[in-house]
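Numbers restart at 1 for each chain; the letters A, B, ... are given by sequence-line order, proteins then strands. As a basis for the values below, the full set of heavy atoms in this structure was taken, side chains included, without hydrogen atoms, waters or symmetry mates. Values in this document were obtained by computation on a predicted structure and should not be read as measured data.
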Amino acid sequence: MAKIRTRFAPSPTGYMHVGNLRTALYSYLIAKKDGGDFILRIEDTDRERLKEGAMDIIYDTLRETGLNWDEGPDVGGDFGPYIQSERKTIYMEYAQKLLQSGHAYCCFCTKERLESLHTEAGGIAKYDGHCRDIPLDEALERVRNGEPYVIRQKMPREGTSSFTDAVFGYVEIDNSELEDQILIKSDGYPTYNFANVIDDHLMGITHVVRGNEYLSSTPKYNLLYDAFGWERPVYVHCSPVMKDQHAKLSKRNGDASYQDLIAKGYISEAVLNYIALLGWSPKGEEEKFTLAEMTQVFDIGGISKSPAIFDPEKLRWLNAEYIRAMSDEQFHEAALPFIRQTVKSENADTRLIAKCLHQRTEVLGEIGAQIDFIDTLDDYPVDLFVNKKSKSTLESSKAMLEAVIPALEALPNWEQDTIHECLIGMAQSMEVKNGLLMWPVRIAASGRTVTPGGAVEMLGILGREESLRRLRKGLEKIG
RNA sequence: GGCCCGGUGGUCAAGAGGCCUAAGACUCCGCCCUUUCACGGCGGCAACACGAGUUCGAAUCUCGUCCGGGUCACCA
């Protein structure tokens, strides 16, 4: 069997949404599973929607996620150019062939006429084939005279067309449903519908992976393949990723793009892993996969037909799994920029902070809220010292702090082990539960009931001087 | 509206006529661990859209209904 070749063909609109990325992922996986090639092609035939910097977003996203392409605009390849606007003459050449073979015709209808066709029909109307039967030589003459025109595909008006999709199975449609769609626009550029087919064939694409909004127009593409006598590709149509039951995930809805998720502190691998699971399920029960593992286990048969709703909760969980699986060193590196947004103090021990945060962090961007008491201790209500689980009362808290402060002052160093030994030892000799002693210490140190670590860790992070200052202040507060 | 596609817990989903008294994961709840919160461990709640068929037997096949999505551009 011939080598598998798939492509990802985004248009540079400046936004890489999650559904797009997933399509890229599936394309990549289908090719790589069988040692095939993954090609990047840019579809920029809509000259009005070009966006500055959009190409970089595409490149960066694919690179960061590891979806490396074998051929593309920047790396070249044997089937270039890989940017459609640079292939303009190619499309015209093939459109001419269709004109000659009678599978296409020149249409001189004005936009106004087409619009009136729609308004007369109350909004929805197919092109009426007004120019369909203009003899070719007459049409060509009018073209030479400079009359504006488009080239349309001549659809059969009877019979049916069918194909078998790799995920949806057998699909059949009446040819009468097909419109004489435009192949070449009046500006000389091809429409997506045409460029896509020409490029996919010329680039040797064997598996076309795309959103299922193309499912019902696939027969049109097939007719084009047939007209040229080309072999049809395997189609893999994927249902969309939804925001909710009714709406797709989209920029319009203000939904997160890949870039947004990364900025919020999601891990690239986790995002990729999660979207793989949206609409595809592996054979076994394992859900966590590296890209390399996915390449092994991916199977077209596991792609589901129904749309999948993007679940931020599950992404969050998976992200946390990836974070927990990091070494302390890796986590420190990943978390440092986020820690530094909140903790400015130069002598803060970011390694210790990171160690505390590690198992408690699901999304890196949420680190700040956990540790903003480190630089400054806000005023806090005195009744935080009262807690029923540890049986803490104002009286007990006062007694504990009074005992703990001098003991800590006398410590030879401020290592975690030393502090821990000291505090636990005191609880024992005073014959109280650890919690009763630890509670007021942690409250005084942080001014909070919830902290990323226990009393010992908090003292360690704050350092001797600041710790003692806060403990004394706490004692004062209780009065 | 015509045509195409889909419909298993709140979400992602397994399921290919008997193995289904319907897996697993996320969420949620309870318990344990514990120096708070997490992590971890254990347990729990929760679904075959509806109605007819076919069959000894249907989540699985057929038809209809309902619901949802897509498509009908000189956008991709």
Check this one for me: any side-chain N or O of [X] less than 4.0 Å away from OP1 or OP2 of [N]?
X        : N      : answer
A:His246 : B:rG69 : yes
A:Lys185 : B:rC75 : yes
A:His118 : B:rA73 : yes
A:Thr45  : B:rA76 : yes
A:Ser304 : B:rA13 : yes
A:Lys111 : B:rA73 : no

Item checked: Of A:Asn193 and A:Asn434, the one whose closest RNA chain B nucleotide lies more 5' ->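 Closest to the 5' end, via its nearest nucleotide, is A:Asn434.
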Between A:Phe310 and A:Ser186, whichever has its closest RNA chain B nucleotide further toward 5' is A:Phe310
Calculate the interatomic distance between [X] atom [atom1] and [N] atom [atom2]; express it in whole Å.
X        : N      : atom1 : atom2 : answer
A:Ile309 : B:rU8  : CD1   : P     : 10 Å
A:Leu249 : B:rG69 : CG    : C1'   : 15 Å
A:Gln370 : B:rA38 : CD    : C1'   : 9 Å
A:Leu437 : B:rU36 : CG    : P     : 13 Å
A:Phe194 : B:rA73 : CZ    : P     : 19 Å
A:Phe168 : B:rC4  : CZ    : C1'   : 10 Å
A:Glu172 : B:rC4  : CD    : P     : 9 Å
A:Leu436 : B:rU34 : CG    : P     : 17 Å

N-O pairing of [X] and [Y] below 4.0 Å:
X        : Y        : answer
A:Lys111 : A:Glu115 : no
A:Arg316 : A:Asp311 : no
A:Asp174 : A:Arg157 : no

Please give the distance between the [atom1] atoms of [N] and [M] as a whole number of Å.
N      : M      : atom1 : value
B:rC50 : B:rG10 : P     : 13 Å
B:rG57 : B:rG53 : C1'   : 15 Å
B:rA46 : B:rG30 : C1'   : 15 Å
B:rA59 : B:rC19 : C1'   : 15 Å
B:rA23 : B:rA16 : C1'   : 16 Å
B:rG6  : B:rA14 : P     : 15 Å
B:rC42 : B:rG24 : P     : 13 Å
B:rU11 : B:rU27 : C1'   : 8 Å

Options [options], nucleotide nearest the side-chain atoms of [X]:
X        : options                : answer
A:Ala308 : B:rC5, B:rG69, B:rA13  : B:rA13
A:Gln245 : B:rA25, B:rG70, B:rU11 : B:rU11
A:Tyr192 : B:rG24, B:rA76, B:rC39 : B:rA76
A:Lys248 : B:rG70, B:rA23, B:rC37 : B:rG70
A:Glu457 : B:rU35, B:rG40, B:rC4  : B:rU35
A:Lys314 : B:rA23, B:rC37, B:rC26 : B:rC26
A:Trp439 : B:rG70, B:rA76, B:rU36 : B:rU36

Need one value for [X]: base, sugar-phosphate or nothing, where a base atom within 4.0 Å counts as base even if backbone is also close, heavy atoms only.
X        : result
A:Lys389 : base
A:Val441 : nothing
A:Ser281 : sugar-phosphate
A:Ala455 : base
A:Thr451 : base
A:Gln181 : nothing
A:Tyr214 : base
A:Gly453 : base
A:Ser11  : sugar-phosphate
A:Arg324 : sugar-phosphate
A:Cys109 : base

Parallel, tilted or perpendicular for A:Tyr235 and A:Tyr225, by the 30°/60° rule? perpendicular
Query - Flag for A:Asn319-A:Arg324: side-chain donor and acceptor within less than 3.5 Å - result: no
Under a 3.5 Å cut-off for both contacts, is [N] paired Watson-Crick or G-U wobble with anything, and if yes, with which nucleotide?
N      : result
B:rA25 : B:rU11
B:rU35 : none
B:rC56 : B:rG18
B:rG6  : B:rC67
B:rG30 : B:rC42
B:rA73 : none

Fill in: Presence of donor-acceptor pair under 3.5 Å, side chain of A:Arg442 and base of B:rU35
no
Is there a donor and acceptor pair closer than 3.5 Å between the side chain of A:Ser216 and the base of B:rC3? no
- Are there more than 12 heavy atoms of other residues, nucleotides or ligands under 6.0 Å from atom NZ of A:Lys433?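 Counting neighbours around NZ of A:Lys433, 12 or fewer heavy atoms of other residues, nucleotides or ligands fall under 6.0 Å, so no.
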### Task
Decide if atom CD of A:Glu147 counts as having more than 12 heavy atoms of other residues, nucleotides or ligands within a radius under 6.0 Å.
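Check passes, neighbour count above 12.
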Exactly one of A:Lys220, A:Glu179, A:His103, A:Gln181 clears side-chain hydrogen bond (donor to acceptor under 3.5 Å, both in side chains) with A:Gln153, and that residue is A:Gln181
**A:Tyr274 ring center near A:Trp317 ring center (under 6.0 Å)** = no
Checklist entry - Honestly, is A:Lys243 close enough over A:Phe310, meaning NZ or CZ under 6.0 Å from the six-membered ring centre and within 45° of the axis? => result no
